[in-house]
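Naming: A, B, ... by sequence-line order, numbering from 1 per chain.
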2 protein chains.
Amino acid sequence: MRAKEPAGRAEIARSCGLSVQAVSNITEVLENDGLLRVVGQKTGVRGKPATQYSINPEGAFAVGIELRPDALICAILNLKGECIYKARVALDNAAPDMAIPAIESAISLAITTSNRDRVQLLGVGIVMPGPFGVSSQGAHDDAILPEWDGVNIQQVFEDALKCAVIVENDATAAAIAERVTGVAASIDTFCFIYFGTGLGLGVITDGHAQRGAFGNFGEIGHIITQAGGTQCVCGNNGCLETYASRLSAKRSLEEHGINLPDGFAMETLLADENPVLLDWIETASTHLSQAISILENIFDPETIILGGAMPDTVIDAFIARLNLPVGSVANRENRTIARVIGGSSGRFTAAIGGAAMIIHNTTTPSLALYN
Amino acid sequence: MRAKEPAGRAEIARSCGLSVQAVSNITEVLENDGLLRVVGQKTGVRGKPATQYSINPEGAFAVGIELRPDALICAILNLKGECIYKARVALDNAAPDMAIPAIESAISLAITTSNRDRVQLLGVGIVMPGPFGVSSQGAHDDAILPEWDGVNIQQVFEDALKCAVIVENDATAAAIAERVTGVAASIDTFCFIYFGTGLGLGVITDGHAQRGAFGNFGEIGHIITQAGGTQCVCGNNGCLETYASRLSAKRSLEEHGINLPDGFAMETLLADENPVLLDWIETASTHLSQAISILENIFDPETIILGGAMPDTVIDAFIARLNLPVGSVANRENRTIARVIGGSSGRFTAAIGGAAMIIHNTTTPSLALYN
DNA sequence: ATACTTAATTCAAGTTACTTGAGTTAACAA
DNA sequence: TTGTTAACTCAAGTAACTTGAATTAAGTAT
């Protein structure tokens, strides 16, 4: 439905295998609920002109929250997937009794500011760094929220917010965002490599997100790309994350006396062709190439998207420097999409992804993916 | 349903969220079709004794075919997943006009020999080596069937056999077999590493097989575990497959003048503690450890199963020598299953997997996985 | 202009796969 | 013997569809 818009009822019926009558009934309900609206008639062809229906962007909205150790990011997406609100709230700590009220008031503020009615709230998508429930034999990641260990996060938020809640990690949320509004709008099977503090992987197969048996799918940051390499916080050596993450860039630059407060600074350094940064990018690309090659071989995706909290220019620099094997299942003739492409990026990507999950869920024929 | 057997109707209703009445209607139909049968009453508790229903193993059956360049393997599974027939037919070549009639007569023979009625045939699962539709820039694998390139395999077989057909690669078929009859009967999310001529990966998530965008999911044999390592037929260097496959064992042994005609010979060599073989196992285990660690990080599975056309003793030797990182999402406290376990193996594994796919499909609430 | 042709849409009447609620049956327990 | 418990059946209802026969409103050919 979302793909080709606007569309007539008979057209919708053909594309989703229902009878015209069924579509007619459904559109009637959706129109009454304000989720669909008539946007004209289709003329120019024979036959009775088709009444064209379109998603009503104002019909409903979803809130996305990214919870991090030091801050809270909030975004609102309308039904069409357009971002109509963004905000960041600093946090002393992210423990439940601090974070939950902060989230509640952030959502209230967001809804008021963007002039919406809470009745039209489809749900809240919460993005939190994983992994969850893992043995603490290895040291813990900086981005982790230990206070939430053992908490049934979805339940807690559903009780607190009194609406539908989905909890996911940043990479999966970003992947879904890409499908709802981004470059993957018409791609059913793809991988998304997410640059956060560390590195995450979100995979969509046939339009559905992969979650793993324990919700820890996609810990790609800790696959080892260099045996006996740099020591990682996880206790192993040579993890991808130690070469190709924001944190690793920060470290490399600091070793040469360069401070890296934020992504903007990185963009500037790249524009200035800073040799230390270029060197880091070169190394990171080598390791990313390995990871991408593994993903291609395992998932056979239509494409692999790179995005997240990393400047677009840096992501483009990675892609330009990738060195992917030629003898791969991904190296088909007649490709329509490149093997690796850039996706959405920026500080708000994960929060937008959170909201996108809700939109995706209400839009996609759910085969019990969540619930 | 399959999990806890036998069961009363009210019990089934509770476990699958339907009303008792609905289950009653459904069991009535299934009993008339001979797929279910009454196996007694449950007494010992209060209330009216529940009529216990069980799957009728004789109610239906499925055929599995493994097509290889030199041979055709055929197996029949009854509805309960028990293998009731196995056969191997040598083939001059596996081109369609040779293979299709051979398959047709193999199936007829199988049905006759095992005393079944074709009416009860649920379908045929065909297992063929991939990858399909890949650019031929790299050299081709020994196991590949070039004559089938560009053929709509499922269509061709449905037309020829006039019944439901599923086509899959060996690793996925083996994974499904493990779920239908094997060690994964109650595991919803797991990875299966399949030792064939090369090396394949099948992944089941939430009970559904992963297929990839172009049907080439799971080419794990060609992930690179040693940069600049041994030359592989795919054109790259250091592929896992060059260290940990039957073909690589054969090569290693031949370099030392030892001939390896079949799996049985390998078992004997292992029992004799042949140093060349032990050396190969040691090396293979190192590379497998890397692959397994990657799979754990990416898929967050309940377990990883090793199986296929490799003797059980060799698989156990691999598992004993694995060296898996401690700091992994897979290293949870309170694990109920080991991180890596052995699965079914042997010459007939893939063909049995083919039949298992059919059983799985008719048994599992299909959310449009196939079709 | 008039009479086809084409295609979208509606109306009314099934059909399927369930659920709901009110019994009925048969074991175990006090 | 009289409850209590739980499985099961019967009859009626309902949601979400499909089917087939009109109806409507273009565009097209004569």
Report the distance from atom CD of A:Glu28 to atom C1' of D:dA15, rounded to the nearest whole Å. 15 Å

Nearest-neighbour nucleotide for the B:Ser24 side chain, D:dT9, D:dA26, D:dC8 considered: D:dT9

Begin with the C-alpha distance, continue with both residues' side-chain angles, and end with the deciding distance and a verdict on side chain to side chain donor-acceptor pair (under 3.5 Å) for B:Glu82 and B:Thr181. CA-CA 7 Å; B:Glu82 295 154 348; B:Thr181 29; over 6 Å; no

Which is it for A:Val124 and A:Ile107 under the side-chain contact (heavy atoms from CB on, under 4.5 Å) test, yes or no, and what are the steps along the way? CA-CA 9 Å; A:Val124 176; A:Ile107 293 176; 3.9 Å; yes

Whole-Å distance separating the CD1 atom of B:Ile12 from the P atom of C:dC18: 14 Å

When the distance from NZ of A:Lys42 to C1' of D:dG27 is rounded to whole Å, what number comes out? 14 Å

Before you tell me yes or no, could you show the steps for B:Ile358 and B:Val165 under side-chain contact (heavy atoms from CB on, under 4.5 Å), namely the whole-Å CA-CA distance, both residues' side-chain angles and the distance that decides it to 0.1 Å? CA-CA 8 Å; B:Ile358 300 286; B:Val165 170; over 6 Å; no

Distance-only donor-acceptor check, side chains A:Gln210 and A:Thr205, under 3.5 Å: yes

To the nearest Å, how far apart are A:Glu11 CD and C:dT9 P? 9 Å

Using whole Å, report how far CZ of B:Arg9 lies from P of C:dC18. 16 Å

Under 4.0 Å between any heavy atoms, over every strand shown, what does B:Ser19 touch: base, sugar-phosphate, or nothing? Just pick one. base

Rounded interatomic separation in angstrom, taking CD from A:Gln52 and P from C:dT9: 8 Å

Indicate whether OP1 or OP2 belonging to D:dA7 is found under 4.0 Å from a side-chain N or O atom of B:Thr51. no

Could you state the CZ-C1' distance from B:Arg14 to D:dA7, rounded to the nearest angstrom? 9 Å

Has the side chain of B:His360 got a donor or acceptor atom that lies under 3.5 Å from a matching backbone atom of B:Gly353? no

Scan nucleotides 28-30 of chain D against the protein and return all N/O pairs shorter than 3.5 Å with their distances rounded to 0.1 Å.
from   : atom 1 : to      : atom 2 : distance (Å)
D:dT28 : O4'    : A:Arg46 : NH2    : 2.8

Nucleotides 10-14 of chain D: which of its N/O atoms have a protein N/O under 3.5 Å away?
from   : atom 1 : to      : atom 2 : distance (Å)
D:dC10 : N4     : B:Gln21 : OE1    : 2.6

Between A:Val20 and A:Gln41, which residue's closest nucleotide on DNA chain D lies nearer the 5′ terminus? A:Val20

Those residues at least two apart in sequence (or on a different chain) that pass ring pair (Phe, Tyr, Trp, His ring centres under 6.0 Å) with B:Phe61 are none

Please confirm whether the backbone N or O of B:Thr189 pairs with a side-chain atom of B:Glu302, one donor and one acceptor, at under 3.5 Å? yes

Under a 3.5 Å distance rule, please check whether A:Arg179 uses its side chain to pair with a backbone N or O of A:Ile187 as donor and acceptor. yes

Qualifying residue for side-chain contact (heavy atoms from CB on, under 4.5 Å) with B:Met128, from B:Asn169, B:Ile153, B:Asp170, B:Ile65: B:Ile153

When the distance from CG of A:Asn25 to P of D:dT19 is rounded to whole Å, what number comes out? 14 Å

If you check the A:Ala50 side chain, which of D:dT18, D:dA7, C:dT9 turns out closest? C:dT9

Could you say whether A:Ala22 or A:Gly47 is positioned toward the 5' end of DNA chain D, judged by the nucleotide with the nearest heavy atom to each? A:Ala22

